[in-house]
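Computed from a predicted model, the values in this text were never measured in an experiment.
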There are 2 protein chains.
Amino acid sequence: MSEATIGDVARRAGVSATTVSRFLAGQSVRAADTIRAAVEELDYRPSPVARSLRSGRTRSIALVVPDVTNPFFAAVVKGAEAVARQDDYNLCLYNTDENVDREVSVLADLVGRVDGLILAPTVESDEAPLRAHQAGLPVVFLDREIGGSPMFDAVLVDNAGGSRRAAEHLLDLGHRRIAIVNGTKHSTPGRQRREGFLETLKSRGVEPPEAYQELGDFREESGYQSVMRLLALEHPPTAIYVTNNLMTVGALRALHDIGVRVPDQVSLVGFDDLQLAALLQPPLTVVDRPMEEQGALAMRLLLGRLHETQDSAPRRIVLETKLLVRGSTAPPRDPAPIAATRNATAATRHPFHTSHRRPT
Amino acid sequence: MSEATIGDVARRAGVSATTVSRFLAGQSVRAADTIRAAVEELDYRPSPVARSLRSGRTRSIALVVPDVTNPFFAAVVKGAEAVARQDDYNLCLYNTDENVDREVSVLADLVGRVDGLILAPTVESDEAPLRAHQAGLPVVFLDREIGGSPMFDAVLVDNAGGSRRAAEHLLDLGHRRIAIVNGTKHSTPGRQRREGFLETLKSRGVEPPEAYQELGDFREESGYQSVMRLLALEHPPTAIYVTNNLMTVGALRALHDIGVRVPDQVSLVGFDDLQLAALLQPPLTVVDRPMEEQGALAMRLLLGRLHETQDSAPRRIVLETKLLVRGSTAPPRDPAPIAATRNATAATRHPFHTSHRRPT
DNA sequence: CTGAAAGCGCTAACAT
DNA sequence: ATGTTAGCGCTTTCAG
């Protein structure tokens with residue numbers, strides 16, 4: 001027994017459905033009290049579906065993320081959901097598993113199901129969001145964008161800046177043999193974190209060889225494999241920058257399995273904080289950023305867009321990062337004088353060039 | 001330009017809307033090719049909302065969890081979403097933040113928006129799910145139940161068994177001064193983990209005093225505060241069982257802040273594994289269980305229910321736990337002979353009774 | 001202030 | 001095999 005309709009209420013209150021509808025819309029109506037009573041007695045709730053059909057709105061927002069079990073995206077979901085519910089929207093969550101095909105198929109079925117879309121696209125070359133947008137679906141990019149998309153709203157993070165901070169930190173400690181474990185090559189964070197890091201190194205005269213530039217996929221296993229390869233090199237790096245949290249977990253596992261001491265033998269910097277990062281031995285140095293806020297902001301941006309009467313210019317919000325220096329980074333092992341000798345000989349054997357730091 | 005309707009397709013194909021509808025439903029139709037072409041050219045997609053209004057189904061499932069940022073629930077979401085999408089259902093996610101009011105208000109608005117509900121209720125006394133069920137919404141309980149709910153489907157975990165394993169492990173190591181950090185008192189896992197643990201201790205003659213039974217709320221901060229209190233006791237426990245992952249994180253932080261060595265000074269067992277648990281120093285001993293599976297099973301149960309023609313008896317699935325013994329547990333510090341002396345004097349000063357292990 | 005009528009897009013009866 | 005009609009529940013003209 002459920003399903004009282006507006007007609008039932010109208011009959012009971014002795015008015016027309018129209019009047020009930022007006023009452024529900026807050027207009028002043030003579031039979032207000034009678035109607036209110038009828039609504040209560042029947043426990044009437046307007047059918048959201050019928051309303052949607054009439055209005056063309058669903059009051060639902062789709063949030064499409066690569067992986068909810070990534071603590072960053074879990075936080076994003078939490079932030080976005082909280083804002084959505086404040087405005088009485090509900091959140092449809094889709095997990096793409098960093099899989100472009102899945103993402104494409106999800107987006108293709110979204111028009112008509114939701115009023116808007118918050119998307120963390122897997123690759124920058126994805127065209128599915130364009131189609132969704134053309135089909136009239138407002139899109140906000142989250143954390144990641146697609147290529148040349150200044151026409152879209154986006155909530156991003158200063159990946160390059162965060163990576164710069166990480167790079168400077170390692171350089172300042174005296175590292176020169178610095179490696180990076182990159183994420184998905186053609187995703188925004190993958191590219192920006194890589195570029196921000198390498199450019200900063202370069203500006204200080206350090207250019208990691210190919211072997212020091214690992215290509216991961218933002219998942220734990222690739223972090224593990226990457227670090228395994230790095231440490232198997234004849235001349236392993238003295239510092240490693242791992243460009244996301246899950247790969248950092250893998251990296252830690254690898255270091256642990258090999259028995260490499262951090263930071264004595266190798267320094268480690270991660271991107272994105274982890275719940276236990278501060279409790280590790282040593283506590284992990286990471287590039288941190290607001291997480292729930294990022295989700296909340298994206299949702300706010302989108303809802304604002306929906307309530308807008310005429311569309312204005314796309315908005316881009318770029319959040320700042322913060323380097324949390326903890327214990328996993330330290331000066332490279334070789335002290336200066338010895339290092340000088342060693343590096344001199346090493347340089348002749350090595351495929352990579354390590355110039356001296358420029359005076360700044 | 002979007003929004004081609006079935007009428008548009010019909011007109012273009014020179015047939016009636018009904019025929020197009022039949023074609024879409026897979027019935028054999030003379031103008032099949034023409035219609036197919038029209039569908040393609042117009043990029044026609046049936047309106048989900050209109051279909052819902054007609055059919056009374058939404059093809060949406062609500063998943064209501066206390067906290068998505070809890071890695072356990074994040075995994076559950078992932079598992080549930082994957083199964084849902086296989087069957088072309090979408091997932092509406094709601095986060096209650098362990099807040100009963102929020103849960104009640106969410107559930108109240110669910111009828112008509114979704115076809116079914118997977119719920120991890122905050123407290124066992126919650127009646128909102130009953131109302132939802134009476135309103136015709138199939139409900140599957142996940143991880144937690146409400147009081148006396150054998151009429152509902154549920155996917156649970158053997159909390160008591162897991163706690164028994166934890167208790168036996170600590171007892172076998174020789175611990176007697178054993179504390180527990182409980183979760184929300186009236187939630188299923190909160191109660192069962194507590195009871196399973198305490199009963200096992202009791203069966204072996206150990207009965208922790210009140211001061212050794214901390215009441216947390218499944219969140220990190222309460223784990224921190226609880227352990228702080230436990231270690232401030234005149235006679236702190238030699239072992240602590242923390243009944244969920246988030247509180248375990250808090251517990252670790254507390255131990256770290258105070259500078260207590262694990263497992264030398266105190267042994268620690270957590271419930272639910274953490275990504276970094278194995279990498280901590282010492283690696284954490286935990287009660288582990290399937291996580292994504294739990295979400296996937298709940299979704300399968302629910303979808304099965306929806307496709308069922310006539311309702312059958314409620315199904316309950318109880319998953320098994322596994323104790324992962326790692327490094328955070330060890331025999332209590334005091335070796336036997338010294339302990340004997342110490343305990344003897346301690347016993348006179350102590351408010352709690354520690355009997356000798358019964359021969360079993 | 002109120003009601004009758006029409007229609008959002010789709011599909012199930014009921015004819016043919 | 002196909003079309004006509006009607007209606008899912010709601011809101012919005014349009015007339016009073």
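Where Ala50(B) and Gly14(B) meet DNA chain D, the nucleotide closest to each residue was compared, and Gly14(B) sits on the side nearer the 5' end. When the nearest nucleotides of DNA chain D are assigned to Val29(B) and Ser47(A) by heavy-atom distance, the more 5′-ward of the two goes with Val29(B). Sequence order on DNA chain C of the closest nucleotides to Leu53(A) and Thr19(A) puts Thr19(A) first from the 5' end.
Out of dC10(C), dA1(D), dG3(C), the shortest distance to the side chain of Pro46(B) is found at dC10(C).
For Thr18(A) and dT12(D), a side-chain-to-base donor-acceptor distance below 3.5 Å is present, hydrogens and geometry of angles not being considered. Between the side chain of Arg22(B) and the base of dG3(D) there is at least one donor-acceptor pair of N/O atoms closer than 3.5 Å.
Listed here is the closest heavy atom pair of Leu107(B) and Ala128(B): CD1-CB, 3.7 Å. Of all non-hydrogen atoms in Ala62(A) and Tyr94(A), the two that sit nearest each other are CB-CE1, 3.8 Å. In terms of heavy atoms, Phe23(B) sits closest to Val29(B) at N-CG2, 4.0 Å. Of all heavy-atom pairs spanning Glu98(A) and Thr122(A), the tightest one is O-CG2, 3.4 Å.
Within the nucleic acid shown, Phe23(B) has no heavy atom closer than 4.0 Å to any nucleic acid atom. Val15(B) comes within 4.0 angstrom of sugar-phosphate atoms only, judged by non-hydrogen atoms across all strands, and of no base. Among the heavy atoms of the strands lying under 4.0 Å from Ala31(B) are primed sugar atoms or P, OP1, OP2 only; no base atom is included. Using a 4.0 Å heavy-atom distance criterion, Ser28(A) is classed as a sugar-phosphate-only contact.
The 12-atom threshold is exceeded at CZ of Arg191(B), counting heavy atoms of other residues, nucleotides or ligands nearer than 6.0 Å.
With no hydrogens or angles considered, a side-chain donor-acceptor pair links Asn90(A) and Ser60(A) at under 3.5 Å.
One end of the helix from dC1(C)-dG16(D) to dT16(C)-dA1(D) points its axis 40° away from the other end's axis, with each axis taken from 5 pairs and the angle rounded to 10°.
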| task | Step by step, work out the side chain to side chain donor-acceptor pair (under 3.5 Å) result for Ser312(A) and Arg305(A). | result | CA-CA 9 Å; Ser312(A) 53; Arg305(A) 208 40 110 179; 3.1 Å; yes

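For the OP1/OP2 pair of dG7(D) and a distance below 4.0 Å, the side-chain nitrogens and oxygens of Arg54(B) include no atom meeting the criterion. Here Arg51(A) reaches the OP1 or OP2 of dT11(D): one of its side-chain N or O atoms lies under 4.0 Å away. For the OP1/OP2 pair of dG9(C) and a distance below 4.0 Å, the side-chain nitrogens and oxygens of Thr5(B) include no atom meeting the criterion.
For Ile6(B) and dT5(D), the CD1 to C1' distance is 15 Å, given to the nearest whole Å. Asp8(B) has its CG atom 11 Å from the P atom of dC8(C), to the nearest Å. Rounded to a whole Å, the CZ atom of Arg30(A) is 14 Å from the C1' atom of dG16(D). We find that OH of Tyr44(A) is positioned 7 Å from C1' of dC10(D), with the value rounded to whole Å. Gln27(B) places its CD atom 12 Å from the P atom of dA13(C), with the value rounded to the nearest Å. Atom P of nucleotide dG9(C) and atom CZ of Arg11(B) are separated by 11 Å, given to the nearest angstrom.
For the pairing with Leu117(A), the side-chain contact (heavy atoms from CB on, under 4.5 Å) check across Leu302(A), Ile61(A), Val64(A) returns one residue only, Val64(A).
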